[in-house]
Amino acid sequence: MNHDGVRGAGRFAPSPTGPLHAGSLLAAVASFLDARSQSLPWRVRLDDLDQPRHEAGAERAILLALERHRLHWDGPVDRQSEHVDRYAAALDELSRQGALFYCRCSRRTLRNADAYPGRCRHHVEPRPDSAIRVRVDDAVVTVDDLVLGPQRWTLSEQGGDFVVRRRDGIIAYQLATAIDDGNPDITRVIRGRDLLHTTPRQVFLMERLGLDVPGYGHIRLLVDSQGQKLSKQSHATPLDLTRPAANLTRTLALLGLSTAPATDDCEALLAWAADRFLVSGIPSDDAVAS
C-alpha cells in the first residue's frame, strides 16, 4: 500500500519475550485495522531494550506470525535498541530541566507505598548503583481516549516520581516508549487497556520534552477463565500458524466484527474488516479466551 505524503501512522510494539498468542493478535489486528481504516501506514517496532528477558527466536517468531496473518507492516521493522542515543539525549534534557534525581530505594522498601515517598529527591547529582527517577510534582495529565473517553490523572496519586533509567542502566519502558511514540510519524497508539496506567507517565514525558502526543485508544483484553490477562509471562498458548484465517475470524468477532465472510484468504478478511472497523465500536468488556 502506497502512503506517500501521508502524515502519521499506527504502530504495534511487541517485546521479543515469546511468540504471539491470541491476546497479542487482538492488539495487533486492532492497531492494524485502525491504521488501515484511517488510510495510515502501520509500523512494527520491537521493544527490545530488556535483553535479559528476551527469548531466543522470539523476534523471528513474532514477525512470522504477523506475516502468516497477512498483517503487512510498512517500512522496515523498528527496534528500540537502535534508539539509545535518543534516550540518552532525553535524559540530558530532563536533567537540564532539573527534573531528575538518583534513587537507591529497593522494591522491598517501597512495596507498601501507594506513591513514591520522595526519600531520594535530594540526590540530584549522579551517584553509582542508582536508578534515575523523574519528579512529577503536581502534574495533571488528560487524554481523550478513543475508546474509553476523557481520562484525567494526577501523577502524584498514580505512583508519584517514576523510574526513567533502571538501576542496571537499562532505559525504562516509560521513557523509551514516550520517545518513540512521541515521534511525529506515530499518530495512533491502539493497545490493550492493561497499559492504560502507563499512558499518563508517557504523556507527561512527551510534554516535558516537547514531543507530539499521539491519539490513544485502549481496548478490551483477552483473559483466561480466572480473569487474568493472557500473556507470555503466564505461558499463554502460542498462535496456531496453520490456521491464520480462523484466528483472524475469531479476532474480528472480538473487535465487534462478527459477520466476517467465510474465507481462508486473510487479506480479503482484513480488507473487509478495514472497511467496517471503528475503534469506538469495540466491545468494552474483557473477553474470555475460548
Side-chain angles (χ1 to χ4, degrees), residues 1-90 170-192 195 198 202 206 211-212 214-217 219 231-233 236 238-239 241 244 247-248 251 266-267 270-271 274:
M1 185 175 294
N2 188 343
H3 298 284
D4 292 346
V6 174
R7 183 187 183 281
R11 64 55 158 185
F12 176 57
S15 299
T17 54
L20 297 187
H21 50 76
S24 314
L25 186 64
L26 179 64
V29 172
S31 173
F32 177 89
L33 292 178
D34 178 72
R36 291 293 184 255
S37 69
Q38 301 289 319
S39 298
L40 293 174
W42 186 65
R43 315 291 188 196
V44 169
R45 183 182 76 228
L46 293 168
D47 287 0
D48 62 347
L49 288 178
D50 197 349
Q51 296 282 339
R53 294 182 59 237
H54 289 188
E55 180 179 297
E59 177 177 320
R60 181 61 199 142
I62 289 168
L63 298 179
L64 177 62
L66 295 177
E67 290 169 350
R68 287 285 174 84
H69 292 85
R70 299 298 188 262
L71 293 166
H72 301 304
W73 58 90
D74 298 294
V77 173
D78 197 13
R79 292 172 177 81
Q80 286 194 324
S81 57
E82 299 168 349
H83 304 167
V84 291
D85 289 347
R86 298 180 196 172
Y87 308 146
I170 294 175
I171 296 297
Y173 169 79
Q174 307 292 1
L175 179 61
T177 302
I179 298 302
D180 293 330
D181 288 346
N183 184 320
D185 287 344
I186 302 300
T187 52
R188 307 279 285 194
V189 174
I190 307 301
R191 57 188 181 184
L195 293 172
T198 72
Q202 291 162 21
M206 291 173 188
L211 303 176
D212 292 345
Y216 287 97
I219 67 167
S231 69
K232 297 168 188 173
Q233 289 71 33
L239 290 168
L241 300 188
N247 296 340
L248 280 179
T251 301
C266 291
E267 293 195 14
L270 291 169

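Hydrogens, waters and symmetry mates are skipped; everything else that's a heavy atom, side chains included, is used.
Atoms CZ and NE2, on Phe32 and His72 in that order, are 7.0 Å from each other to the nearest 0.5 Å. Remark: Asp50 CG to Thr17 OG1 distance equals 9.0 Å, nearest 0.5 Å. Here CG of Asp74 is found 10.0 Å from CG of Leu40. Values are rounded to the nearest 0.5 Å.
In this structure the side chain of Asp78 never reaches within 4.5 angstrom of the side chain of Arg43, judged on heavy atoms. With a 4.5 Å cut-off on side-chain heavy atoms, Ile170 and Tyr87 do not count as touching. Within the 4.5 Å cutoff, side-chain heavy atoms of Thr198 are placed close to those of Arg191. Gln80 is not listed as a side-chain neighbour of Ile179, based on a closest heavy-atom distance of 4.5 Å or more. For the pair Leu71 and Val44, the minimum side-chain heavy-atom distance is 4.5 Å or more. Contact of the Arg68 side chain with the Cys266 side chain is not registered, since no non-hydrogen atoms from C-beta on lie closer than 4.5 Å.
Nearest heavy atoms, Ala274 versus Arg36: CB-CB, 4.0 Å. Taking every heavy atom of both residues into account, Ile219 and Ile190 meet most closely at CG2-CG2, 3.8 Å. Closest approach of Ala65 and Leu239 over heavy atoms only: CB-CD1, 4.5 Å. Asp47 and Ser15 make their closest contact through O-OG, 3.4 Å (heavy atoms, listed as atom of the first residue, atom of the second, distance). Gly8 and Pro41 make their closest contact through O-CD, 3.2 Å (heavy atoms, listed as atom of the first residue, atom of the second, distance). Residues Leu49 and Ile171 share a closest heavy-atom pair of CD1-O, 3.9 Å.
Proximity of a side-chain donor or acceptor of Asp48 to a complementary backbone N or O of Arg79 within less than 3.5 Å is not detected. Proximity of a side-chain donor or acceptor of Ser37 to a complementary backbone N or O of Asp34 within less than 3.5 Å is detected.
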Query raised in the report: How far apart are the C-alpha atoms of Asp180 and Ile186, what are their side-chain angles, what is the distance that settles it, and do they pass the side-chain contact (heavy atoms from CB on, under 4.5 Å) test?
Result: CA-CA 8 Å; Asp180 293 330; Ile186 302 300; over 6 Å; no
Query raised in the report: Yes or no on side-chain hydrogen bond (donor to acceptor under 3.5 Å, both in side chains) for His54 and Glu59, after CA distance, side-chain angles and deciding distance?
Result: CA-CA 9 Å; His54 289 188; Glu59 177 177 320; over 6 Å; no
Requested in this report: Kindly indicate, with the supporting measurements, whether the criterion salt bridge (charged side-chain N to carboxylate O under 4.0 Å, His left out) is fulfilled by Glu67 and Arg60.
Outcome: CA-CA 10 Å; Glu67 290 169 350; Arg60 181 61 199 142; 3.3 Å; yes
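For Phe12, the ring pair (Phe, Tyr, Trp, His ring centres under 6.0 Å) test picks out no residue, with sequence neighbours left out.
Within the structure, the salt bridge (charged side-chain N to carboxylate O under 4.0 Å, His left out) test picks out the following pairs touching residues 10-28 (sequence neighbours left out): Arg11-Asp181.
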